[in-house]
Amino acid sequence: MEEIRTLAKQLFKLFAVVFILVGIVFILLLTYERKPEAYVPIITKEIAAKDIWKPKDAILELSRMPDKVKKGYYLIAETSKFMGPHAENPEDRYSGNNLACANCHLQKGAQAGSGSWVGVIERFPQFGGRGNKVGTIADRINGCMERSMNGKVLPVDSDKIEAIVAYMNWLGEGLPENRKAEFKGYPKIKIPDVAVNLEKGSQVYKKECIICHGENGAGILNVDGKSYTYPPLWGPDSFNDGAGMNRVITSAEFIKSNMPYLQATWDKPKLTDEEAYHVAGYINSFSRPHKLYTEKDYPDKKLKPVSTPYGPWVDDFSPEQHKYGPFPPIMEYYKKEYGIAKTK
């Protein structure tokens with residue numbers, strides 16, 4: 001009988017403990033609120049998939065490139081050798097200087113903020129004021145050939161154009177939507193409301209640029225003597241005066257986002273807007289090859305960038321101001337007179 005009572009007490013205690021535990025669980029369920037953290041792993045995974053995307057490294061993947069893409073790579077990386085002054089076949093000598101396309105389109109076109117080719121194909125056809133027409137990617141490549149490369153146009157149906165376009169396509173495969181803006185053109189700068197100060201520009205050049213581009217702006221040749229490790233910024237083997245880089249604002253945007261090389265990026269620049277502006281003006285104060293027929297550029301002269309240093313213009317600002325600024329007064333004029341908001 002005593003054993004039965006003892007067993008009953010133990011069962012009662014066990015039942016009481018279970019009852020309390022069930023009550024606690026019930027209370028927790030009633031008061032529990034699902035917190036946003038519960039979703040964090042899924043969201044983080046989705047974001048990370050986009051944020052870790054990066055363009056292909058052309059050098060690392062050279063052996064795995066499709067043949068046409070590889071041909072395009074060599075055309076942009078060793079331009080003077082394959083379609084410039086050192087091309088074996090004289091008929092292939094389209095580029096007029098010893099620059100490579102990759103001297104300006106850094107990391108073989110992959111670097112954001114340097115006129116990257118990542119995602120560029122889908123932005124064409126597009127309207128261009130210089131020709132006052134809708135142009136193709138082939139037209140854009142030929143614009144560089146005539147101006148930055150100081151040469152002549154490639155046939156639009158040539159195997160060289162096809163190879164360069166294939167390389168550009170390959171470079172940006174899989175580009176996420178939320179990364180497209182990052183690789184488009186050059187990030188804008190706040191344009192100073194003063195003219196270029198050549199002395200300030202000279203000081204920046206001596207401090208930040210001279211080590212690579214030299215005191216005379218002639219750059220540093222590769223060991224082959226036929227191409228450049230660091231390109232000339234002025235002089236007979238540089239871009240001509242019809243190139244976009246001969247405009248102070250465009251040049252300053254590029255410099256701010258990319259220079260000094262391997263020290264600055266578009267999101268972590270080293271130079272201030274003012275430093276980039278003044279050194280751009282200093283670089284463009286020197287002589288370079290002349291592009292013929294620049295007076296035909298921008299058939300609608302109202303569309304001409306305000307920092308285009310060659311006329312004619314449809315305003316009364318001096319050639320000196322169009323070359324060195326200040327540019328905001330010119331921009332204000334076009335906004336007031338023509339309703340055109342200019343950024344360069």
Side-chain angles (χ1 to χ4, degrees), residues 94-96 101 104-105 114-117 119-158 160-162 164-165 168 180-181 183-189 191 239-254 280 284 288-325 327-344:
Y94 290 93
S95 176
C101 303
C104 291
H105 302 276
S114 68
S116 175
W117 298 323
V120 70
I121 299 298
E122 66 182 63
R123 298 200 292 271
F124 284 85
Q126 68 173 232
F127 177 79
R130 190 155 58 193
N132 202 37
K133 65 178 184 179
V134 174
T136 64
I137 186 63
D139 294 327
R140 185 67 188 87
I141 291 169
N142 274 329
C144 280
M145 290 301 299
E146 283 193 291
R147 297 166 190 270
S148 298
M149 311 306 289
N150 193 35
K152 58 185 181 181
V153 300
L154 295 159
V156 294
D157 58 351
S158 68
K160 291 179 175 58
I161 288 282
E162 289 182 1
I164 293 170
V165 170
M168 291 174 170
K180 290 182 178 180
F183 293 92
K184 186 177 180 181
Y186 310 128
K188 301 299 181 184
I189 66 167
I191 301 169
F239 53 87
N240 66 38
D241 59 5
M245 280 295 171
N246 195 43
R247 301 195 301 259
V248 165
I249 296 175
T250 299
S251 180
E253 290 173 345
F254 174 85
N284 284 327
R288 59 185 68 260
H290 175 58
K291 169 75 170 65
L292 295 175
Y293 310 119
T294 53
E295 68 276 4
K296 295 182 179 179
D297 288 354
Y298 299 93
D300 183 351
K301 304 304 180 191
K302 297 190 299 297
L303 301 182
K304 205 170 199 178
V306 297
S307 59
T308 304
Y310 54 84
W313 303 276
V314 288
D315 57 62
D316 295 326
F317 295 95
S318 69
E320 179 84 0
Q321 187 164 350
H322 276 290
K323 183 168 184 175
Y324 294 118
F327 299 109
I330 309 179
M331 293 175 169
E332 290 168 9
Y333 171 83
Y334 280 88
K335 180 67 174 177
K336 180 179 178 180
E337 292 295 317
Y338 302 109
I340 300 174
K342 292 179 177 284
T343 59
K344 61 180 181 178

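- Taking 4.5 Å as the limit, every side-chain heavy atom of N240 sits out of range of all side-chain heavy atoms of R288.
- Counted by atom type alone, D315 and Y334 present one or more donor-acceptor pairs between their side chains at under 3.5 Å.
- Once rounded to the nearest 0.5 Å, the distance linking CD of Q126 with CG of D139 reads 10.5 Å.
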Trace of the side chain to side chain donor-acceptor pair (under 3.5 Å) decision for D297 with Y310: CA-CA 10 Å; D297 288 354; Y310 54 84; 2.6 Å; yes
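- Between the H322 side chain and the S307 main chain, no donor and acceptor come within less than 3.5 Å of each other.
- Between V306 and I249, the closest side-chain pair of non-hydrogen atoms falls below 4.5 Å.
- Across every non-hydrogen atom of I137 and I121, the tightest pair is CG1-CD1, 3.8 Å.
- Taking CD1 of I330 as the reference point, atom CZ of F317 lies at 5.5 Å (rounded to 0.5 Å).
- Atom CD of E320 is surrounded by 12 or fewer heavy atoms from other residues, nucleotides or ligands within 6.0 Å.
- Put simply, the side chain of N150 does not reach to within 4.5 Å of the side chain of F239, judged on heavy atoms.
- Smallest separation of non-hydrogen atoms from G244 and T250: O-CB, 3.4 Å.
- At least one cation-pi condition fails for K301 and Y298: the charged atom is not both under 6.0 angstrom from the six-membered ring centre and inside a 45 degree cone around its axis.
- For F127, the CZ atom is densely surrounded, since the number of other residues' heavy atoms within 6.0 Å is greater than 12.
- A280 approaches A252 most closely through the heavy-atom pair CB-N, 3.6 Å.
- Classification of E122 and K180 as a salt-bridged pair holds, one side-chain N sitting under 4.0 Å from a carboxylate O.
- The CZ atom of R123 lies 10.5 Å from the CZ atom of R140; values are rounded to the nearest 0.5 Å.
- How far NZ of K296 is from CZ of R130: 15.5 Å, rounded to the nearest 0.5 Å.
- By the 30° and 60° cut-offs, the orientation of the rings of Y338 relative to Y333 is perpendicular.
- Considering only heavy atoms from C-beta on, E146 comes within 4.5 Å of K291 through its side chain.
- Counting only heavy atoms from C-beta outward, the side chains of M245 and S251 approach each other to under 4.5 Å.
- Side-chain atoms of W313 come within 3.5 Å of backbone N or O of T308 as a donor-acceptor pair.
- Under the 4.5 Å side-chain criterion, counting only non-hydrogen atoms from C-beta, K342 is not in contact with K335.
- Using a cutoff of 4.0 Å between basic side-chain nitrogens and carboxylate oxygens, K188 and E253 are scored as salt-bridged.
- Pairing each heavy atom of H105 with each of C144, the nearest pair is NE2-SG, 4.4 Å.
- Using a 4.5 Å heavy-atom cutoff, the side chains of P309 and R247 are in contact.
- The backbone N or O of D241 sits less than 3.5 Å from a side-chain atom of N246, completing a donor-acceptor pair.
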Stepwise side chain to side chain contact (heavy atoms under 4.5 Å, CB included) test for F327 and V248: CA-CA 10 Å; F327 299 109; V248 165; 4.2 Å; yes
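- For the atom pair OG of S116 and OH of Y186, the computed distance is 10.5 Å after rounding to the nearest 0.5 Å.
- Taking 4.5 Å as the limit, some side-chain heavy atom of W117 sits within range of a side-chain heavy atom of C101.
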Working for side chain to side chain contact (heavy atoms under 4.5 Å, CB included), residues D316 and Q321: CA-CA 10 Å; D316 295 326; Q321 187 164 350; over 6 Å; no
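- The structure places CD1 of I141 at 4.5 Å from CD1 of I161, a figure rounded to the nearest 0.5 Å.
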